[in-house]
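Have a look at the structure below before the remarks.
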Amino acid sequence: VSIYNFGYAMELTSKTLEQVMQWVRFEHWGIQFITPMWLLFALCISGREKMITPLRVALLLVIPIITLVATQTLGGFNLTHINPHLDQFGALVTFDYERGLIINLSIMFISLCLVIILVLFSFMLVRSPAAFRMQAVIFWIGSLLPFIGQLIYNLGFSQYHLDITPLTLTISSLILTLGFLQYRLLDIVPLARDLIFDNLSDGIMVLDTQNNIIDINPRLPVMLSVVNVKSIGKSATDVLKEFSNLADFIKNNSSGLIEFENIESNKVVSFMGTLSPIKKKKK
């Protein structure tokens, strides 16, 4: 991002076509690797790092590397920037060109990466517990702004051929910097929470203050078949009505221990349940 922004600033202050093309070539050393790296980061931070393999990383970098090599022909063969020239808008001089096949392919690739990133952070936003939701919101906004910026520029809606993507990237960087400092965005806590919650051998049910089910881990439906993903949002006492003593215990207690039995396939299984309140600032 720094390479892109610095190069574009120098491009805008350059007066000759030769100088502008020099900085455009420089910019692409940053441009081509922003979205692939951000996609890899999004996969890691959303808990999908197992999808990252050396082969997939290599495939992910094929188009950026091809495009980078092609952009370095600007001023010569012009494989990506056909018919490069300067346009004058009052005191403002901007770079303009006709897009070649490779640059259009690169734009589609960048757009696809940004869409996938937004989808990943959208899932993260929906799935995150309240304590980590602000982190997901910051990642989502930080990804949305550059997507909007490049969309406006590439669709030709930007005045005077000005590329507003560096501006949106700068705003995103400031938002993320605030997040790093204020919300500790790079902490592994949300990811660790998901891994622990999903892999515990104990069944877990999370309730709100009205005893509605707001989350369960994968182990719980294995233990109690009456509970499943469709139970989320429903009253725990209604879902567990087959276990009247457990339902009454949840309804009448804020904490404590209870023992109950479950009979399935002519097999009796005994359980011990623990009800524990989660408090924050005495609430």
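These figures come from a predicted structure and were not determined experimentally. Residues take their numbers from the sequence shown, with the count starting at 1.
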Under 3.5 Å: donor-acceptor pair, side chain of Thr73, backbone of Gly76: no
Interatomic spacing from OG in Ser46 to CG in Leu120 - rounded to 0.5 Å: 4.5 Å
Check: Phe41 ring centroid to Phe121 ring centroid under 6.0 Å: no
Any side-chain heavy-atom pair of His81 and Thr71 under 4.5 Å: yes
Close side-chain approach of Leu144 to Phe139, heavy-atom, < 4.5 Å: no
Spacing of Glu27 atom CD and Leu74 atom CG [to the nearest 0.5 Å]: 10.0 Å
Pair Tyr8 and Trp23, ring centroids less than 6.0 Å apart: no
Co-membership, hydrophobic cluster, residues Ile116 and Ile107, 4.5 Å side-chain: no
Heavy-atom check, side chain of Phe6 versus side chain of Met10, under 4.5 Å: yes
Donor-acceptor under 3.5 Å (Arg219 side chain, Phe197 main chain): no
Ring center gap for Tyr97 and Phe95 short of 6.0 angstrom: yes
Minimum-distance pair of heavy atoms, taken over all atoms of Leu39 and Cys113: CD2-SG, 4.2 Å
Closest non-hydrogen atom pair, Lys15 against Leu86: O-CD1, 3.9 Å
Closest non-hydrogen atom pair between Leu145 and Thr168, with its separation: O-CB, 3.5 Å
Residues Trp29, Gln72; criterion side chain to side chain contact (heavy atoms under 4.5 Å, CB included); working and verdict: CA-CA 9 Å; Trp29 285 91; Gln72 301 310 298; 3.5 Å; yes
Sub-4.5 Å side-chain heavy-atom contact between Leu207 and Met205: yes
Heavy-atom neighbours of Leu155 CG exceed 12 at 6.0 Å: yes
ILVMFWY network linking Phe243 to Val269, side-chain heavy atoms under 4.5 angstrom: yes
Gln19 atom CD, neighbour heavy-atom count above 12 within 6.0 Å: yes
Nearest-0.5 Å distance that lies between atom CZ in Phe271 and atom CD in Glu261: 10.0 Å
Worked check of side chain to side chain contact (heavy atoms under 4.5 Å, CB included) between Ile213 and Val206: CA-CA 6 Å; Ile213 301 172; Val206 184; over 6 Å; no
Gln32 and Ser106 side chains, donor-acceptor separation under 3.5 Å: yes
Main-chain N/O of Asn217 paired with Asp198 side-chain donor or acceptor, under 3.5 Å: no
Side-chain heavy atoms of Ile34 within contact of Leu169, under 4.5 Å: yes
Greater than 12 external heavy atoms within 6.0 Å of Gln88's CD: yes
Polar side-chain atom of Ser225 near backbone of Pro221 as donor-acceptor pair, under 3.5 Å: no
Pair Tyr153 and His161, ring centroids less than 6.0 Å apart: no
Atom of Val226, atom of Ser231 and distance for their closest heavy-atom approach: O-OG, 3.8 Å
Smallest separation among heavy atoms of Phe249 and Ser255, with atom names: CZ-O, 4.2 Å
Student check: side-chain heavy atoms of His28 and Ile31 closer than 4.5 Å: yes
Option passing side chain to side chain contact (heavy atoms under 4.5 Å, CB included) with Glu98 (candidates Asn83, Ile103, Asn78): Asn83
Lys230 and its side chain to side chain contact (heavy atoms under 4.5 Å, CB included) partner, picked from Ile232, Val227, Asn228: Asn228
Phe123 CZ: over 12 foreign heavy atoms closer than 6.0 Å: no
Considering all heavy atoms, the nearest Pro146-Gly142 contact: CD-O, 3.1 Å
Steps toward side chain to side chain contact (heavy atoms under 4.5 Å, CB included) verdict (Ile141, Ile175): CA-CA 8 Å; Ile141 294 175; Ile175 292 172; 3.9 Å; yes
Rounded distance (nearest 0.5 Å) linking atom OG of Ser173 with atom CG of Asn5: 7.0 Å
Single-linkage hydrophobic cluster, 4.5 Å side-chain cutoff, Val57 and Met37 together: yes
In one Ile/Leu/Val/Met/Phe/Trp/Tyr side-chain cluster, 4.5 Å: Val115, Ile117: yes
Side-chain touch Ile258/Leu246, heavy atoms, less than 4.5 angstrom: yes
Criterion side chain to side chain donor-acceptor pair (under 3.5 Å) on Asp96 and Tyr160, from CA distance to verdict: CA-CA 9 Å; Asp96 195 15; Tyr160 312 129; over 6 Å; no
Atom pair CG (Asn245) and CG (Leu240), whose distance is rounded to the nearest 0.5 Å: 10.0 Å
Short side-chain to backbone donor-acceptor contact, Asp87 and Thr94, under 3.5 Å: no
Under 3.5 Å: donor-acceptor pair, side chain of Arg56, backbone of Met51: yes
In one Ile/Leu/Val/Met/Phe/Trp/Tyr side-chain cluster, 4.5 Å: Ile164, Val20: no
Side-chain donor-acceptor contact under 3.5 Å, Ser276 with Thr274: no
Interatomic spacing from CD1 in Ile63 to CD1 in Ile102 - rounded to 0.5 Å: 10.5 Å
Stepwise side chain to side chain contact (heavy atoms under 4.5 Å, CB included) test for Phe33 and Leu61: CA-CA 8 Å; Phe33 298 105; Leu61 295 176; 4.1 Å; yes
Non-hydrogen side-chain atoms of Phe260 and Ser270 separated by less than 4.5 Å: no
